[in-house]
J.: 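Below is a structure I'd like to ask you about.
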Amino acid sequence: MVERAGVEERFELDSAGTYGGHAGDLPDSRMRSAASARGYLLTHRARRFREDDYYDFDRIIVMDDRNYEDVSRLAPERKYLQKVYRFVEFCRHHPQWSYVPDPYYEGREGFELVLDLLEDGCQGVIDEVLNARK
């Protein structure tokens with residue numbers, strides 16, 4: 001989305017999970033397929049979130065309350081918690097969701113819903129970052 005908007009030089013993006021059991025794996029094949037149908041190529045490999053991410057990134061955005069708690073425990077100091085956000089805080093068109101649900105047991109519709117939420121929230125992040133730097 002940042003490439004499509006022509007603002008990739010203003011973003012450094014990464015993805016990490018709080019569970020390390022999938023480190024090195026590609027995203028679930030069903031998510032890759034659903035994302036591909038929308039024009040997204042998911043080629044990144046899973047890695048575990050680490051304390052250094054607090055130093056390396058301005059925002060740490062989590063999908064649900066469990067992730068929020070897990071990531072918060074790794075904060076080197078309390079002041080770094082101001083960098084942690086729930087993803088749905090950036091969603092503008094899905095106010096009914098208080099978290100991003102895990103699609104893995106919901107079938108195709110689950111992956112489509114998560115992609116809807118991701119597109120909504122990612123646009124919200126892009127808008128916020130661009131407006132904050134004006």
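Values reported hereafter were calculated over all heavy atoms of this structure, with side chains retained and with hydrogens, waters and symmetry mates removed. For the single chain, residues carry numbers from 1 onward in sequence order.
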J.: Can a donor-acceptor pair be found, under 3.5 Å and without considering hydrogens, that links the side chain of D120 to the backbone of H94?
T.: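 At least one qualifying donor-acceptor pair exists.
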J.: Testing the basics here: between P76 and E51, what is the closest heavy-atom pair and its distance to 0.1 Å?
T.: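 So the two residues come closest at CB-OE2, 3.5 Å.
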J.: Can the ring centres of Y68 and Y85 be said to be less than 6.0 Å apart?
T.: no
J.: When you measure from the side chain of R32 to the backbone N and O of L42, does any donor-acceptor pair fall under 3.5 Å?
T.: no
J.: OG1 of T18 to CG of L74: how many Å apart, nearest 0.5 Å?
T.: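 So the OG1 of T18 and the CG of L74 are separated by 9.0 Å.
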J.: Please answer: with hydrophobic residues joined when any side-chain heavy atoms are less than 4.5 Å apart, are M63 and I60 in the same cluster?
T.: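 Result: no, two separate clusters.
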J.: Taking all atoms of both residues into account, what is the closest heavy-atom pair of E106 and E109, and its distance?
T.: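 Minimum heavy-atom contact is O-OE1, 3.7 Å.
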J.: Are V84 and L13 linked, directly or through intermediate hydrophobic residues, by side-chain heavy-atom contacts shorter than 4.5 Å (ILVMFWY only)?
T.: no
J.: Would you say Y105 has more than 12 foreign heavy atoms packed within less than 6.0 Å of its OH?
T.: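 Counting neighbours around OH of Y105, 12 or fewer heavy atoms of other residues, nucleotides or ligands fall under 6.0 Å, so no.
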J.: Please tell me if the side chains of R59 and V129 come closer than 4.5 Å, counting only heavy atoms from C-beta onward.
T.: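 The answer is yes, as the side chains (C-beta and beyond) meet within the 4.5 Å cut-off.
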J.: Within this structure, what is the CZ-CZ distance for the pair F11 and F57, rounded to the nearest 0.5 Å?
T.: 13.0 Å
J.: Counting only N and O atoms by type, is there a donor-acceptor contact under 3.5 Å from the side chain of R38 to the main-chain atoms of E112?
T.: yes
J.: Once rounded to the nearest 0.5 Å, what's the spacing between atom CZ of R48 and atom NE2 of H22?
T.: 11.5 Å
J.: Between D64 and R66, is the closest basic N to carboxylate O distance under 4.0 Å?
T.: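 Salt bridge: no.
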J.: Atom NE2 of H93 and atom CG of D116: how far apart are they, to the nearest 0.5 Å?
T.: 11.0 Å
J.: Would D25 and R47 count as a side-chain contact (heavy atoms from CB on, under 4.5 Å) here? Give the steps.
T.: CA-CA 8 Å; D25 293 349; R47 74 169 180 86; over 6 Å; no
J.: I'd like to know whether CZ of R108 has more than 12 heavy-atom contacts from other residues, nucleotides or ligands below 6.0 angstrom.
T.: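 No, the 6.0 Å shell around CZ holds no more than 12 heavy atoms from other groups.
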J.: Are Y104 and L113 connected into the same hydrophobic cluster when the rule is that any two of I, L, V, M, F, W, Y join if their side-chain heavy atoms are below 4.5 Å apart?
T.: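 In one cluster: yes.
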J.: If you take all heavy atoms of V114 and P101, which pair is closest and at what distance?
T.: CG2-O, 3.3 Å
J.: May I ask whether V125 and L117 are part of the same hydrophobic cluster, defined by side-chain heavy atoms of I, L, V, M, F, W, Y residues being less than 4.5 angstrom apart, directly or through others?
T.: yes
J.: Applying side-chain contact (heavy atoms from CB on, under 4.5 Å) to D70 and Y19, what does each step give before you reach the verdict?
T.: CA-CA 9 Å; D70 291 345; Y19 169 68; over 6 Å; no
J.: Please evaluate residues F90 and Q123 with respect to the criterion side-chain contact (heavy atoms from CB on, under 4.5 Å), reporting the C-alpha separation (whole Å), side-chain torsions for both, the decisive distance (0.1 Å), and the verdict.
T.: CA-CA 8 Å; F90 299 98; Q123 189 60 57; over 6 Å; no
J.: Measuring from S33:OG to F111:CZ, what's the distance to the nearest 0.5 Å?
T.: 9.5 Å
J.: Of all heavy-atom pairs between L115 and A35, which one has the smallest distance, and what is that distance?
T.: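 Shortest heavy-atom separation between L115 and A35 comes out as CD1-N, 3.7 Å.
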J.: Taking a hydrophobic cluster as the set of Ile, Leu, Val, Met, Phe, Trp and Tyr residues connected by side-chain heavy atoms closer than 4.5 Å, whether directly or through intermediates, do F49 and Y55 fall within one such cluster?
T.: yes
J.: Decide yes or no on ring pair (Phe, Tyr, Trp, His ring centres under 6.0 Å) for Y99 and F87, but give the supporting numbers first.
T.: CA-CA 7 Å; Y99 64 96; F87 186 82; over 10 Å; no
J.: Output every pair passing salt bridge (charged side-chain N to carboxylate O under 4.0 Å, His left out) with a member in residues 81-95, not counting sequence neighbours, ordered by first then second residue.
T.: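 Only D65-R86, R92-D127 qualify under salt bridge (charged side-chain N to carboxylate O under 4.0 Å, His left out).
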J.: Of all the heavy-atom pairs spanning V62 and N67, show the shortest one and how long it is.
T.: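 Taking every non-hydrogen atom into account, CB-CB, 3.7 Å.
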J.: Under the 6.0 Å and 45° cation-pi test, does R4 pair with Y40?
T.: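 Positive - R4 is close enough to the ring of Y40 and near enough to its axis.
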J.: Once rounded to the nearest 0.5 Å, what's the spacing between atom CG of D28 and atom CG of D102?
T.: 9.5 Å
J.: What heavy-atom pair brings V71 and Y54 nearest, and what distance separates the two atoms?
T.: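 It is O-OH, 2.8 Å.
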